[in-house]
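Here the structure is a predicted model, which means the values were calculated and not measured. In what follows, chains are A, B, ... by sequence order, proteins preceding strands, each numbered from 1. Every heavy atom of this structure was used, including side-chain atoms; hydrogens, water molecules and symmetry mates were not.
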There are 2 protein chains.
Amino acid sequence: MTMSSKNPKAPEVSRRRARNSLSHEEILEAALKMTEADGLAQLSMPALARNLGCAVMSIYKYFRNKDALLDALAHRVMRDLHRRLPPAGDGDWDVELVAYFTAYRDLMEDTPAYREVVLYASTSVVRAALTPAQWRRLDTGIGLLHRAGLPLSDAVRVYNVCYNFTRAYVAYEHTVRAAASNRPDTEGAAEDPLDGAEYPLLAALPDPTAAIDINEDGFRLSLELLTAGISRTFGIPLTA
Amino acid sequence: MTMSSKNPKAPEVSRRRARNSLSHEEILEAALKMTEADGLAQLSMPALARNLGCAVMSIYKYFRNKDALLDALAHRVMRDLHRRLPPAGDGDWDVELVAYFTAYRDLMEDTPAYREVVLYASTSVVRAALTPAQWRRLDTGIGLLHRAGLPLSDAVRVYNVCYNFTRAYVAYEHTVRAAASNRPDTEGAAEDPLDGAEYPLLAALPDPTAAIDINEDGFRLSLELLTAGISRTFGIPLTA
DNA sequence: ACCTGAACACCGTTCAAGT
DNA sequence: ACCTGAACACCGTTCAAGT
């Protein structure tokens with residue numbers, strides 16, 4: 001009864017895509033949009049093709065397989081990410097250090113799609129060709145510690161620690177949160193009170209599970225402790 | 001021509017499983033074995049059924065769906081894990097703290113299947129009913145910091161930081177390593193030397209990518225810095 | 001009650017064919 | 001050259017049927 005079904009020979013909005021209308025870029029853009037909207041888990045080749053209005057196999061002319069597509073997506077996302085991420089400033093080392101890594105987490109919080117993509121393709125992102133913006137940020141981050149008084153080799157080791165801590169924490173936060181939202185929450189189910197004889201300390205706490213929660217407070221305290229640890233271990237004063 | 005195909009009416013090794021031969025326990029055991037052998041990614045319902053010598057749908061009599069099975073698997077693994085994980089000792093707080101969290105990482109290194117399972121079902125594991133062994137270890141871990149001089153509420157916050165750091169670090173290490181082993185390594189591809197004018201510090205390094213590597217050294221240094229940070233922030237002396 | 005095969009709606013991917 | 005449909009080997013899961 002619809003217009004398009006009345007006569008199969010009718011124009012029917014031209015199902016077939018024009019000759020060179022598809023491109024590497026358009027496919028990636030669509031994939032990114034879909035990831036932002038519904039998450040990486042929903043990004044399938046058929047769904048992507050539907051979204052592009054092309055046949056599934058057309059995508060394979062531009063990407064060897066799905067993995068290659070995800071790799072390209074990860075690179076694109078990392079490039080965007082570092083464009084929005086400032087290099088280290090030249091204020092007090094401890095203040096700047098906290099700001100430097102907090103900025104990374106904040107940006108990831110802003111754009112959940114980034115977290116998934118970055119988390120997924122860890123390798124291609126961590127190991128493969130870094131963009132100039134990433135090298136720059138890396139260089140200034142190490143410089144921060146070097147200026148504060150650490151020998152270069154120690155500055156690299158300490159930067160490494162802070163960097164991996166931040167990446168790991170954000171990734172872990174994300175997986176925990178994602179998993180939590182997929183389940184019937186046990187919020188209502190009243191927990192059994194803990195036996196004070198068995199667990200003297202936990203039993204005294206208002207919420208024992210707080211000890212293993214993961215949230216922003218923990219991230220902040222971690223950075224504070226790391227900073228204090230750097231100060232103490234390398235004998236450079238804190239300013240804050 | 002084979003014996004079994006000659007006569008379809010022959011005994012044929014009795015394809016059908018005996019009446020009550022299947023069980024919750026046997027299924028979980030098989031799933032764990034398969035995960036140890038080939039990784040969680042290879043654990044499909046058909047593969048599991050083949051392994052058990054039963055029909056795929058038989059499994060569904062014991063587990064509502066695959067997610068429920070993975071949940072049960074995660075709980076089983078966490079229970080095993082904490083059985084092998086000692087509570088905190090009563091030596092010097094800083095030495096014990098490092099040993100306490102290093103033990104977790106070491107155990108995860110030992111049994112890669114554990115990492116995958118624990119990593120996967122973050123929620124059910126982190127939030128849902130903890131076993132007595134886990135509560136015990138938690139209680140002694142917090143006690144470690146409390147005995148060292150931290151008020152109980154701070155001891156919980158600091159424990160939380162160390163715990164989440166360790167979990168996150170191990171999980172992140174695992175995903176990076178797993179992803180790396182799935183790809184053509186770029187080891188051979190000689191990296192372009194970095195421009196000394198653009199990246200003065202990185203250019204001076206023998207291997208700039210070391211700044212973002214992840215390995216055991218980073219883990220150890222992280223724990224050292226955290227310990228030093230706790231000492232400095234809460235004014236309790238280091239003994240090591 | 002417990003176990004099962006057939007069937008469904010999805011994947012990613014190969015292959016041979018359209019234009 | 002670029003785009004496409006049909007087909008294949010896999011998933012997880014529902015349903016109705018065997019024993």
### Message
Surrounding CZ of Arg157(A) (heavy atoms of other residues, nucleotides or ligands, distance under 6.0 Å), is the total greater than 12?
### Response
no
Could you tell me how far apart [X] ([atom1]) and [N] ([atom2]) are, to the nearest whole angstrom?
| X | N | atom1 | atom2 | value |
| --- | --- | --- | --- | --- |
| Lys61(B) | dG5(C) | NZ | C1' | 15 Å |
| Arg17(B) | dA1(C) | CZ | C1' | 16 Å |
| Leu52(A) | dT4(D) | CG | P | 10 Å |

### Query
Using a cut-off of 4.0 Å on non-hydrogen atoms, how would the nucleic acid contact of Ala18(A) be classed: base, sugar-phosphate, or nothing?
sugar-phosphate
#### Entry: Touch class at under 4.0 angstrom, heavy-atom based, for Phe63(A) against every strand present
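Phe63(A): no heavy atom of the nucleic acid under 4.0 Å.
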### Query
Can you give one letter per nucleotide of nucleotides 10-19 of chain C, going 5' to 3': B for a protein heavy atom under 4.0 Å from the base, S for sugar-phosphate only, - for none?
-SSBBB--BB
### Task
Would you give the length of the straight line joining atom CG of Leu223(B) to atom OG1 of Thr166(B), rounded to the nearest 0.5 angstrom?
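That separation rounds to 5.5 Å.
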### Rounded distance (nearest 0.5 Å) linking atom CD1 of Ile214(B) with atom OH of Tyr169(B)
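The distance works out to 4.0 Å.
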### Message
Looking at Arg115(B) and Glu173(B), is any side-chain nitrogen of the basic one under 4.0 Å from a carboxylate oxygen of the acidic one?
### Response
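Not counted as a salt bridge, because no side-chain N and carboxylate O are separated by less than 4.0 Å.
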### Query
Centres of the Phe165(A) and Tyr172(B) rings: under 6.0 Å?
no
### Task
Kindly confirm or rule out a cation-pi arrangement of Arg105(A) over Phe219(A), judged by NZ or CZ under 6.0 Å from the six-membered ring centre and within 45° of its axis?
yes
### Query
Considering only heavy atoms from C-beta outward, does the side chain of Leu138(A) approach that of Tyr159(A) to under 4.5 Å?
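Yes. Closest side-chain heavy atoms under 4.5 Å.
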### Given dT4(C), dT4(D), dC3(D), the nucleotide with the shortest approach to the side chain of Ser21(A)
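Selected nucleotide (nearest to the side chain): dC3(D).
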### Query
Counting side-chain heavy atoms from CB outward, which of dT4(C), dT4(D), dC2(D) is closest to Asn20(A)?
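Of the options given, the side chain of Asn20(A) lies nearest dC2(D).
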### Summary
All stems that DNA chain D takes part in, i.e. 3 or more consecutive Watson-Crick or G-U pairs with distances under 3.5 Å, are C:4-8 with D:12-16, C:12-16 with D:4-8
### Message
Using side chain to side chain donor-acceptor pair (under 3.5 Å), reason through Gln134(A) and Thr131(A) one step at a time and then give a plain yes or no.
### Response
CA-CA 5 Å; Gln134(A) 290 174 66; Thr131(A) 67; 3.1 Å; yes
